Amino acid sequence: MSAPLKDSSKFRPVVKNASFPQQEESILEFWRDNEIYDKSLAQREGQEKFVFFEGPPTANGKPHPGHCLTRAIKDLFPRYKTMRGYYCERKAGWDTHGLPVETEVSKQLGIHTKEEIEAHGVEPFIHLCQKSVWTYMQEWERLTERLGFWVKLDSAYVTYHQSYVESVWWSLKNLFDRGLLYQGHKIIWWWAQGGTGLSAGEVGQGYRTVMDPSVYILFPLLDRKNTSLLVWTTTPWTLPSNQFAAVNESIEYVTVHDPELDHNIVFAKDLVEKISQKVKRELEVKSTEPGSALVGLRYKPPFDYFYKDTGDQTGELADGGTEHVAWRVTSADFVTTDSGSGAVHEAPAFGEVDYELLVSEQARFKRGQGPEMICAVAPNGKFTDVAPEYEGQWVKDADKPITRQLKDEGKLYHQEQYQHEYPFCWRADDDPLIQYPRRSWFIKTTQFKDQMVANNQKINWLPEHIKDGRFGNFLDSNVDWALSRERYWGTPLPIWVCEATGEMESVDRYEDLIAKPGATGMEVWEKAKAADPDLVDDLKVHKPYIDHITYDSPFESGARMKRVPEVIDCWYDSGAMPFAQWGYPHQGKEQFEAQFPADFISEAIDQTRGWFYSQLAISTMMFGEDAAEGQKSFEYPLPFKNCIVLGLMLSEWWEDEKDKDGKKNIYLSPEEAKSAPGKPAHKVGKMSKSLRNYRAPDEIFDVYGADALRWYFFAKQPPWTSIQYSERQIKESVPEFLSRLWNVYNGFFVEYAILDDFSPSSLEKPGQLSHADLAGGEGYRPVAERGELDRWIISELHQTLDVVVNSMDAYDNYGSCTRITAFVEALSNWYVRRSRDRFWAKDKTAPEKLDAYWTLYECLTTTAKMIAPFVPFLAETIWQNLTSVFDGNARLSVHLCDYPLAEEGLIDADLSRRMGLLRDIASSGLSARANAKLKVRQPLSGVTVVLNDSADQSWLETHDEILKTELNVLDVKYTTDAGEFVTYQVVPNFKRLGPRVGKLMPKVKKAFSEADGGAILAELTDTGKSSLVVEGETIELDSEDVEVRLQANEGWAAAQGKQSVIVLATELTPELVRSGLARDVNRQVQERRKSLDLERSDHIKLYLVTESEELAQALSENKEYLMGETLANELHQEPPSDSIEPVECEIGEALLKIFVAKDVANGNQA
RNA sequence: GGGCGUGUAGCUCAGCUGGUUAGAGCGCGUCGCUGAUAACGACGAGGUCCCAGAUUCGAAUUCUGGCACGCCCA
């Protein structure tokens, strides 16, 4: 089709079969070329702010579909708020530190342990880390852009940048100076052979089922003669380091007499039978007491390595008095009677809960007077000389000899083997891990627990249960933040220690550091930089360079200050992002104060203990009521006000065995899986890089487009639902929504507007094509003056806007999308469908026709604006073409428009209700036809609609035409009189009657079913009242107390709608049959027109030849109808004289030859 | 082992504060429509709302206890 491209007052014809992905690419180009994002921001400058924080992703792996969801949601609300008039900056950010990066680099180098890293050299290792961070940078940026996520990538914050590091340092110095940063021990899973601790993730990978000893040891009680506490443990090698025995205060304990040993033994009452069975002898219970009675009793531990020197040591308690520091019975809630003896051996060096018990014991004493942790094992996992008998032995190998020694000494009461899960090193799977204490730095977050809990209450969590559920619980069980990491690539802990006195101080700027008296060591960096000028300057604040910088101690002359070796937890980096992204307070003061707190953030649920917590903790400590003096504190020290917690995205894949190199999981789509050789196993689970169990987002973009993916995320479920990601679902969102709207826009509106020369170009100030902007266009009539259908769809549009805006303001994208989908469905399947006649009308200037164009135009432009935040590409495509007629006078981009708001005056609730009823009746009518096997092409003489409520009858009666066309009937009758077609059923309104009649309800229900529905209804209609007698009680009824249902009687071609029954007249007269035949003929002629590639506006000469008398009569009776429908200038019932290729087809029983030829002479005469 | 969440049609998911006929989309089947046409409409099959108890006149919905799955932590 040759389009008048030069005529800018006409719409551009849209390329047929344009693919969404291709269109999106050109929209991206348009946005780039015209800097639309920047303009959308500039336009809102000075307006109220909507603050968004980007939770920094780590760019050292390829992005997967789960990341797309996060980024899509992060884009949606800022776009929406911007259109609503807010100023919303979006600064990107990248998380660059931490173990994942080190692991990635180690893999490249083929090394594992810290020793190997040191051997390789920390300096080159760090260089690799810094570079590795950007390995997938481009892919992330491309994904971000391709998805339509508008965020400022070129001014992104980066956690390893000097300004960022110094901002983090500032906060750490602040905490240090306030005494909130302290050193303590942390029990970690320790790989003794490798000399390193393992992260939780690594530990989780290495669990195996093993058999370990389970031993019951006698701890003689010093205060009770001939009596021992029976203590249980599964790690005999920790017994030499025993410090306490723990019982549960609320459990009952017994003292039993063992006849064989002639000794009294104390253990949990519930376990008497079990333990008797184990030792195979009757144990006589002598007395019972609560666990609390045992607390404080002293005992003699099985080994005296430590006991011999300090067994009698006492210390002063904080609230007066003295107590023995160790080898006492203490109380602990975690002790149960599920296994063991109800008394547990405690070696604080080798267990986290044991260590916590030590800490709480220490807290009872005056400072320095309490128990010190004891430990008979060296970091290499071997006994030290403290335990001479076992010195140099690997702890796990010592289990047996230790048990044997205890047995020989009569201290072992019972032993057995037991099976459990135990972690091994994931890279050396013969090495079991042990729990082991390491020196570590902590932040005293527990001091801020109440404030954090209070701040959490102010956050609007979506879904709500996060607040008091997962997040709230986590806060309640807050422990001090273990901040330090004995690693290399991270923010260095900015604390320098005096080598002589151990006094410490914190430094928060590199500049200040090198200005310290006697500072040296900067040359190491300078040399490195000179040798490799490409090194980024930010590296100088990192290991190893920073470690070389020392200076004169202010605490003792002649001594030097040296940095502690640790780096910090990278979660602290990200949690500091609200201020560190600006380099605050060294710079960016204004930006920070204007951009805190965030109005909106969103991440997946796995960030509960990650970014959500780190932000809240740091903000509360830094800016809360107890903030450092001089520090600006905020009314809301919480870092964010609204937080959408996304569900986890699971992947669906098929595991195939054909790949032999150890990576046997290959993503196969359902189709591929079907045709794959062998039997791929269907699996569902977390998306993971190593499993390769998903398809790269790029492929999705290329096949379905970003809008399809976005719509799938936004419209298919609330965002916090854990979804099983499936390509099929994405594929479905295309026809369901995108192409449906596309068909209305392109397949319908644009095509006809071009044919009809309709254009809104007469508007002098199109502006953003708001309702008001459209008035004054050529042929424009106010909505109130237009036909009902037009008023109806405008009303639907504005009701939709109302719902969408309210939902979006409440961060409910799912609710918005559901409503938008319904609107587009109504637009496509009712408005356009019912308006076709007007679009086809010949008179291009008929007011009804122009009304239809203006109405649809308004619907489409408004819809484009409405969907712009959701599917920005499609919205832009539609907008660009719909505004192309204005020579650049309209808004350049849909994203520069204000979000459309509902106008009360355009909403007509009655009309919406009635139209709904009409649609329901039409749909039931079609259903009735289908049931009666009367195809729609066959006209029927009429239908009768029985309403259960006459309120809308007169309105409906004026809309017969719609039903006549929809149902292809000649006549429509309405009645509320049941007649013989239907039966009235009156059922109780349970919601209303239930509370009133209570227990009588079942009987009332029965009474209703037995009563004469018609009579009750009649009474209610006449007097507004009725009554029922149940069990002698009279129940007064008004019309609200009952619901009327209609039931179509058997034997009629009828169907039931929500509030009506529709009955067909099924009798077919010969005339009706012939009329049906004519419609069949029309259909075949249209088919022929298409096969001849005729344009829709081409006129034809038509020859229809049949030997059937009936069909011939049908043709002549319906000649005008046929000519009109097929644009035939002439219709003959004999063959043409010139050679026209005929087609033959069956109409009913008869054969028909069809000759169609384009009428060149009279073509396009319209 | 603990916390949190989830369990509804073949699939993916809705179902608000309890109201008696549990929905949508897709898929499948049947039929229709044909100037939106690689679109559209109707109908149908398909559900012990995970199980068991309790509360209630009434439970997919509330409570208790299980089971299964997922996540986080241990």
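Residue numbers start from 1 in every chain, and the chains themselves are labelled A, B, ... in the order their sequence lines are given, proteins ahead of strands. Both backbone and side-chain heavy atoms feed into the values below; hydrogens, waters and symmetry mates do not. Keep in mind it's a predicted model, so treat the numbers as computed, not measured.
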- Task: In whole angstrom, give me the gap between the C1' atoms of rU20(B) and rA24(B).
- Result: 22 Å
- Opposite nucleotide pairing with rA54(B), Watson-Crick or G-U, both atom distances under 3.5 Å: rU62(B)
- When you compare rC4(B) with rC13(B), how far apart are their P atoms, in angstrom units rounded to a whole number? 23 Å
- Query: In terms of side-chain heavy atoms, does Gln1086(A) have a donor or acceptor partner in Asn1082(A) at a distance below 3.5 Å?
  - Reply: yes
- Message: Between Asn829(A) and rG41(B), is there a contact of a side-chain N or O with OP1 or OP2 at under 4.0 Å?
- Response: yes
- Message: Distance criterion of 3.5 Å, no angle test: do you see the side chain of Ser828(A) paired donor-to-acceptor with the base of rA36(B)?
- Response: yes
- Query: P atom, rG1(B) versus rU12(B): distance in rounded Å?
  - Reply: 29 Å
- Task: Can you figure out which of rG19(B), rG35(B), rA36(B) approaches the side chain of Val744(A) most closely?
- Result: rA36(B)
- With the threshold set at 4.0 Å, does a side-chain nitrogen-carboxylate oxygen contact exist between Lys449(A) and Asp476(A)? no
- Asn989(A) side chain to Val1042(A) main-chain N or O, any donor-acceptor pair under 3.5 Å? no
- Item | Rounded distance in Å between the C1' positions of rG10(B) and rA52(B) | 28 Å
- Hey, would you say the Trp189(A) and Tyr436(A) ring centroids sit under 6.0 Å apart? no
- Query: Salt bridge between Glu825(A) and Arg919(A), side-chain N to carboxylate O under 4.0 Å?
  - Reply: yes
- Task: Report the distance from atom CG of Asn478(A) to atom P of rA74(B), rounded to the nearest whole Å.
- Result: 14 Å
- Task: Tell me, please, which residues at least two apart from Asp812(A) pass side-chain hydrogen bond (donor to acceptor under 3.5 Å, both in side chains).
- Result: none
- Side-chain contact test, heavy atoms from C-beta onward, threshold under 4.5 Å: evaluate it for Glu603(A) versus Thr70(A) and give yes or no. yes
Could I get a table of every N or O pair under 3.5 Å where one atom is in the protein and the other is in nucleotides 13-16 of chain B?
unit_1	atom_1	unit_2	atom_2	d
rC13(B)	OP1	Ser722(A)	O	3.4
rC13(B)	OP1	Gln724(A)	N	2.9
rC13(B)	O2'	Lys716(A)	O	3.2
rA14(B)	OP1	Thr721(A)	OG1	2.6

- With sequence neighbours left out, the residues meeting salt bridge (charged side-chain N to carboxylate O under 4.0 Å, His left out) with Lys849(A) are Asp756(A)
- Query: With both distances under 3.5 angstrom, what nucleotide forms a Watson-Crick or G-U wobble pair with rC13(B)?
  - Reply: rG23(B)
- Query: Taking CH2 from Trp720(A) and C1' from rC72(B), how many angstroms apart are they, rounded to a whole number?
  - Reply: 20 Å
- At under 4.0 Å, does any side-chain N or O of Arg836(A) touch on OP1 or OP2 of rA36(B)? yes
- Query: If you measure from the C1' atom in rU64(B) to the same atom in rU55(B), how many Å do you get, rounded?
  - Reply: 11 Å
- Message: Taking pairing as Watson-Crick or G-U wobble with both contacts under 3.5 Å, can you name the mate of rC69(B), or confirm there isn't one?
- Response: rG5(B)
- Under 4.5 Å between any side-chain heavy atoms of Leu475(A) and Tyr613(A), yes or no? yes
- Task: Please confirm whether Phe749(A) and Phe839(A) have ring centers closer than 6.0 angstrom.
- Result: no
- Check the distance between rC72(B)'s P and Phe474(A)'s CZ and give it to me in whole angstrom. 13 Å
Heteroatom pairs (N/O) under 3.5 angstrom, protein to nucleotides 55-60 of chain B:
unit_1	atom_1	unit_2	atom_2	d
rC57(B)	O4'	Gly998(A)	O	3.3
rC57(B)	N1	Gly998(A)	O	3.4

- Say you pick atom P in rG2(B) and the same atom in rC28(B); how far apart are they, in whole Å? 46 Å
- Message: Rounded to whole Å, please give me the gap between CZ in Arg834(A) and P in rC40(B).
- Response: 18 Å
- Query: Which is true for Lys1005(A) with a 4.0 Å heavy-atom rule: it touches a base, it touches only sugar-phosphate, or it touches nothing?
  - Reply: base
- Step through it carefully: locate the ring centre of Tyr752(A), locate the ring centre of Phe758(A), and say whether they are under 6.0 Å apart. no
- Message: Just the rounded figure in Å: distance from P of rA38(B) to CG of Leu738(A).
- Response: 18 Å
- Between Lys991(A) and Tyr712(A), which is nearer to the 5' end of RNA chain B once each is assigned its nearest nucleotide? Tyr712(A)
All N/O pairs under 3.5 Å across the protein-nucleotides 3-7 of chain B interface:
unit_1	atom_1	unit_2	atom_2	d
rG3(B)	O3'	Asn473(A)	ND2	3.3
rG3(B)	O2'	Asn473(A)	ND2	2.8
rG3(B)	N2	Arg470(A)	NH2	3.2
rC4(B)	O2	Arg470(A)	NH2	3.1

- Query: Would a 4.5 Å heavy-atom cut-off, applied to side chains only, mark Ile793(A) and Cys859(A) as touching?
  - Reply: yes
- Query: Quick one: are the ring centres of Phe714(A) and Trp711(A) less than 6.0 Å apart?
  - Reply: no
- Task: Go ahead and name the base partner of rC40(B); Watson-Crick or wobble counts if both distances stay under 3.5 Å, otherwise write none.
- Result: rG32(B)
- Note on the structure: To the nearest angstrom, the CG-P distance between Asp920(A) and rA42(B) comes to 11 Å
- Measure the distance from CD on Glu464(A) to P on rU17(B) and round it to the nearest whole Å. 11 Å
- Could you tell me whether the side chain of Asn456(A) and the main chain of Lys467(A) form a donor-acceptor pair under 3.5 Å? yes
- So what does Ser477(A) touch, heavy atoms closer than 4.0 Å: a base, only the sugar-phosphate, or nothing? nothing
- Query: Should Gln435(A) and Ile188(A) be marked as a side-chain contact (heavy atoms from CB on, under 4.5 Å) after you check the CA-CA gap, both sets of side-chain angles, and the distance that decides it?
  - Reply: CA-CA 5 Å; Gln435(A) 296 212 305; Ile188(A) 57 173; over 6 Å; no
- Spacing of Asn743(A) atom CG relative to rG41(B) atom C1', expressed in whole Å: 15 Å
- Message: Suppose we call two aromatic rings close when their centres sit under 6.0 Å apart. Are Phe612(A) and Trp461(A) close by that rule?
- Response: yes
- Item | Whole-Å P distance, rG18(B) and rC67(B) | 29 Å
- Message: Rounding to an integer number of angstrom, what distance separates rG44(B) and rU17(B) when you compare their P atoms?
- Response: 31 Å
N/O-N/O pairs, protein side and nucleotides 31-33 of chain B side, under 3.5 Å:
unit_1	atom_1	unit_2	atom_2	d
rC33(B)	OP1	Arg937(A)	N	2.9
rC33(B)	OP1	Arg937(A)	NE	3.1
rC33(B)	OP2	Arg937(A)	NH2	2.5

